[in-house]
**Student:** 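Dropping a structure here in structure tokens format, bear with me for questions.
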Protein chains: 2
Amino acid sequence: MTKARKALLELLKESKEPVSASMLSGDPALPFDQATIYRNLHYLEEQGFAESFILHCTEHGTERYYSYLSRGEGVHHHWFHCEKCHKFIDLGGCAYQEQMKEWEQKYGFIITEHTFFLTGICASCKS
Amino acid sequence: MTKARKALLELLKESKEPVSASMLSGDPALPFDQATIYRNLHYLEEQGFAESFILHCTEHGTERYYSYLSRGEGVHHHWFHCEKCHKFIDLGGCAYQEQMKEWEQKYGFIITEHTFFLTGICASCKS
DNA sequence: ATAAATTTGCAAATGACTTGCAAAAATGCC
DNA sequence: GGCATTTTTGCAAGTCATTTGCAAATTTAT
């Protein structure tokens, strides 16, 4: 593990919400080139330390967001994203494993990944 | 409705799978500038004639895919995407409306949109 | 029709992400 | 630890989907 990777992983682990490359490369704890950030986000995901999804929001455009994944505990989380304040709310671990298996049997395909998230306006921004 | 919009809507309506801007602007039935394609895809979605999601696949990169939405029938579809042959399989109308409502009540937010799709290898490519 | 409002094509810009390459850091081996 | 080998990093330039300014062309309203 290089310095950059350790630092990145540390930040992902501590973050309560998914973060994008642009958010990370602005962080003083990550004084690395953006190419390094991108390359290592790929690396961490590939190694099973992180997972990601692409989200588009009007204010921040289209970006990939990463979150920490404790290796072994296979269950990833799903998120709600507030378009106003750009906060993410954790909806808890994925509860669709059964459904996925049913679909695999029904259609005969193999699911390697699924993407699920919500977009809207959070409770605070609503009022 | 302008010529471009009618032609685009027609293509979307006839397409059995979601299509991206690049696929559309290659189509001889759509002899329009790419800017026009993009602008009108936005227009059609805004008017409720289409819906879209962003999907990344190794071979085709990151693109937004559009599909026709008959106005009134509120139920959109979810899709499986094969990474090998780049085909989409229709999983049927969204069955998560109830779950969405429950989440809205539990968390107090308003869901304006949800994204859900599967990625993997289809039955034909598997063998 | 004719004027006013909207849309189109063109070409340049944007922004996230990627890549080639030489220097720097991590790793393997003694 | 010290040296050779492999991998990673920074830099700068490149990609690629998508967007935008603006004048010309098409729609729409009257």
Side-chain angles (χ1 to χ4, degrees), chain A residues 1-12 17-47 49-67 81 83 86 88 113 115 117 119, chain B residues 1-12 17-47 49-67 81 83 86 88 113 115 117 119:
Chain A
M1 272 285 208
T2 65
K3 272 188 177 186
R5 287 174 182 173
K6 274 186 215 141
L8 242 186
L9 187 52
E10 195 50 38
L11 268 197
L12 283 182
E17 305 179 27
V19 289
S20 67
S22 69
M23 296 162 86
L24 289 166
S25 67
D27 192 307
L30 295 176
F32 306 102
D33 191 81
Q34 53 161 332
T36 302
I37 305 270
Y38 279 106
R39 284 192 275 234
N40 285 332
L41 284 172
H42 290 166
Y43 171 84
L44 291 175
E45 183 160 31
E46 194 177 280
Q47 300 296 312
F49 290 114
E51 66 165 342
S52 71
F53 57 92
I54 297 171
L55 176 145
H56 171 92
C57 85
T58 316
E59 271 192 56
H60 297 74
T62 303
E63 279 186 281
R64 190 176 279 273
Y65 291 82
Y66 290 83
S67 49
H81 173 253
E83 311 186 78
H86 201 62
F88 284 91
E113 206 182 301
T115 299
F117 58 83
T119 313
Chain B
M1 273 286 209
T2 66
K3 272 187 175 187
R5 286 175 184 172
K6 275 185 215 141
L8 242 186
L9 187 52
E10 195 51 36
L11 268 197
L12 283 182
E17 305 180 27
V19 288
S20 67
S22 69
M23 298 162 88
L24 289 166
S25 67
D27 193 308
L30 294 176
F32 306 102
D33 191 81
Q34 51 162 332
T36 301
I37 306 271
Y38 279 105
R39 285 193 274 232
N40 286 332
L41 285 172
H42 290 165
Y43 171 84
L44 291 174
E45 182 159 33
E46 194 177 282
Q47 300 297 311
F49 291 112
E51 66 165 342
S52 72
F53 57 91
I54 297 171
L55 177 146
H56 173 91
C57 84
T58 316
E59 272 193 54
H60 297 73
T62 302
E63 280 185 282
R64 189 176 281 274
Y65 291 82
Y66 290 83
S67 49
H81 174 252
E83 312 185 78
H86 200 62
F88 284 92
E113 209 181 298
T115 298
F117 59 83
T119 312

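Within every chain, numbering begins at 1; the chains are lettered A, B, ... in the order of the sequence lines, protein sequences first and strands thereafter.
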**Student:** What is the distance, to the nearest angstrom, from the CD atom on Gln34(B) to the P atom on dG21(D)?
**Tutor:** 16 Å
**Student:** Does dT18(C) have OP1 or OP2 sitting under 4.0 Å from an N or O in the side chain of His42(A)?
**Tutor:** yes
**Student:** Nearest to the Ala35(B) side chain among dC17(C), dA11(C), dC11(D), which nucleotide is it?
**Tutor:** dA11(C)
**Student:** Could you check whether His56(A) gets within reach of a base, just the sugar-phosphate, or nothing at all, counting any heavy atom under 4.0 Å?
**Tutor:** nothing
**Student:** Rounded to the nearest 0.5 Å, how far apart are CZ of Phe53(B) and NE2 of His56(A)?
**Tutor:** 15.5 Å
**Student:** List the atom of Leu8(A), the atom of Leu24(A), and the distance in Å for their closest heavy-atom pair.
**Tutor:** CD2-CD1, 3.8 Å
**Student:** Let me know the distance between OH of Tyr38(B) and C1' of dC16(D), rounded to the nearest Å.
**Tutor:** 9 Å
**Student:** Without swapping roles, check the side chain of Glu17(B) against the backbone of Phe88(B) for a donor-acceptor pair under 3.5 Å.
**Tutor:** yes
**Student:** Measure the distance from CD on Glu59(A) to P on dA16(C) and round it to the nearest whole Å.
**Tutor:** 14 Å
**Student:** Using atom CZ of Arg64(A) as one end and atom P of dT18(C) as the other, report the distance to the nearest whole Å.
**Tutor:** 8 Å
**Student:** His60(B) has an atom NE2; how far is it from atom P of dC17(C), in whole Å?
**Tutor:** 20 Å
**Student:** CG of Asp33(A) versus C1' of dA25(C): gap in Å, rounded?
**Tutor:** 15 Å
**Student:** Using a 4.0 Å heavy-atom cut-off across all strands, classify Thr62(B) as base, sugar-phosphate, or nothing.
**Tutor:** sugar-phosphate
**Student:** Using modelled atom types and a 3.5 Å cut-off, is there a donor and acceptor pairing between side-chain atoms of Glu59(B) and backbone atoms of His86(B)?
**Tutor:** no
**Student:** Please confirm whether the shortest side-chain N or O distance from Thr2(A) to OP1 or OP2 of dA25(C) is below 4.0 Å.
**Tutor:** no
**Student:** Nearest 0.5 Å please: distance from the CE atom of Met1(B) over to the OH atom of Tyr43(B).
**Tutor:** 5.5 Å
**Student:** Using a cut-off of strictly less than 4.0 Å, decide whether Arg5(B) has a side-chain nitrogen or oxygen near OP1 or OP2 of dT7(C).
**Tutor:** yes
**Student:** Taking atom P of dT9(D) as reference, at what distance in whole Å does atom NZ of Lys3(A) sit?
**Tutor:** 12 Å
**Student:** In whole Å, I'd like the distance from the OH atom of Tyr43(A) to the C1' atom of dA25(C).
**Tutor:** 15 Å
**Student:** Which of the following nucleotides, dC17(C), dT18(D), dC21(C), is nearest to the side chain of Arg39(A)?
**Tutor:** dC21(C)
